[in-house]
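Heads up: the structure comes next, in structure tokens.
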Amino acid sequence: MSDDLFAGTAEYYARYRMDYPDAVYAELERAFRVDGTGALLDLGTGTGQIALHLAGRFQRVVALDVSEEMLAEARRVASQRGVTNVEWVHCRAEELAALDGTPYGGPYRVATLGSAFHWMDQPRVLDLLHGRLEPSGGVFITALPGFTNPDNVPVGDELARVMIEVVHRHLGQRRRAGSGFYGVPPRPWAEYLAESRFADVEQGWHRLEAEFDLDGIVGLLFSTSFANPRILGDRREAFEADLRRALLTLEPGGRYHRSYDVEWVLAHRQ
């Protein structure tokens with residue numbers, strides 16, 4: 001997998017990516033009896049959506065990401081919000097053992113993975129996490145559905161169809177992933193957890209209703225691994241003009257509504 005999946009996207013990611021529904025966070029707090037103590041480990045934190053949202057519910061937070069660009073944006077947002085109990089660490093999830101014995105080491109109460117688990121070596125990450133969590137702790141995985149999936153446009157979803165037609169016109173039919181191409185096998189998270197040392201797997205969904213304007217849709221696409229400004233290069237202006245034109249042809253008012261089912265899966269350390 002390419003190391004530059006989200007190069008050049010941090011500003012758009014922080015500004016345009018939606019937060020998870022409160023009901024999703026409530027599942028985590030219920031399952032692990034979150035009470036303001038203990039440590040949270042957020043893997044693949046990106047610009048820190050989950051880490052910043054939950055910072056006030058834990059004594060300390062350790063947030064890891066492979067991208068210094070993403071972490072710099074997360075630090076900026078944390079400073080802006082006055083959040084001071086998050087440590088932003090440049091580290092791959094697969095290299096978690098390197099933090100043992102450092103100020104960033106465990107044990108952790110909960111490990112979260114939001115919109116990042118599918119980019120990782122899932123069995124290895126779960127194995128590394130297990131022994132670094134408190135006995136009463138566990139792992140919580142969630143992801144916002146892709147704003148649109150270039151590989152699978154739902155029948156009748158005209159907004160997704162229009163966007164992907166534009167992406168294909170400018171970037172080709174094969175889905176990009178940074179400087180490489182997407183090749184992640186679609187396997188349910190719950191299967192990985194069932195095969196791991198974790199126990200008591202729970203799974204559910206919560207509905208998210210979202211409203212977008214033209215800038216919001218452009219910004220979301222620019223935050224993706226498959227249609228961001230770095231990938232577009234000198235095609236960016238033509239791409240954006242084409243996208244805005246196509247979207248306004250679909251809906252001249254420039255306002256768009258989407259409904260998502262946000263999945264969450266959790267499991268406890270045995």
Self-check item: Phe226 six-ring centre to Arg176 NZ/CZ under 6.0 Å and within 45° of normal
Solution: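 Output no; distance or angle outside limits.
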Between the side chains of [X] and [Y], is a donor N or O closer than 3.5 angstrom to an acceptor N or O?
X: Asp4; Y: Ser179; value: yes
X: Glu209; Y: Ser259; value: yes
X: Arg175; Y: Ser225; value: no
X: Thr112; Y: Tyr25; value: no
X: Asp65; Y: Ser67; value: no

Short N-O contact, [X] and [Y], less than 4.0 angstrom:
X: Arg15; Y: Glu11; value: no
X: Asp157; Y: Arg258; value: yes
X: Glu202; Y: Arg30; value: yes
X: Glu134; Y: Arg269; value: no
X: Arg255; Y: Glu251; value: no

For the student: nearest non-hydrogen atoms of Val166 and Asp242, plus distance |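 Where Val166 meets Asp242 most closely, the heavy atoms are CG1-OD2, 4.0 Å.
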(Q) Restricting to non-hydrogen atoms, name the atom on Leu126 and the atom on Phe198 that form the minimum distance, rounded to 0.1 Å. (A)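 Residues Leu126 and Phe198, closest heavy atoms: O-CE1, 3.4 Å.
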His118 and Tyr182 aromatic ring geometry - parallel, tilted or perpendicular at 30°/60° bounds:
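Answer is tilted, since the angle falls between 30° and 60°.
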Notebook entry, point to check: What is the ring orientation for His206 with Trp264, classed by angle as parallel under 30°, tilted 30 to 60°, or perpendicular over 60°?
Noted result: parallel
Tell me whether Leu243 shares a hydrophobic cluster with Leu248, the cluster being built from Ile, Leu, Val, Met, Phe, Trp, Tyr side chains joined at under 4.5 Å.
yes
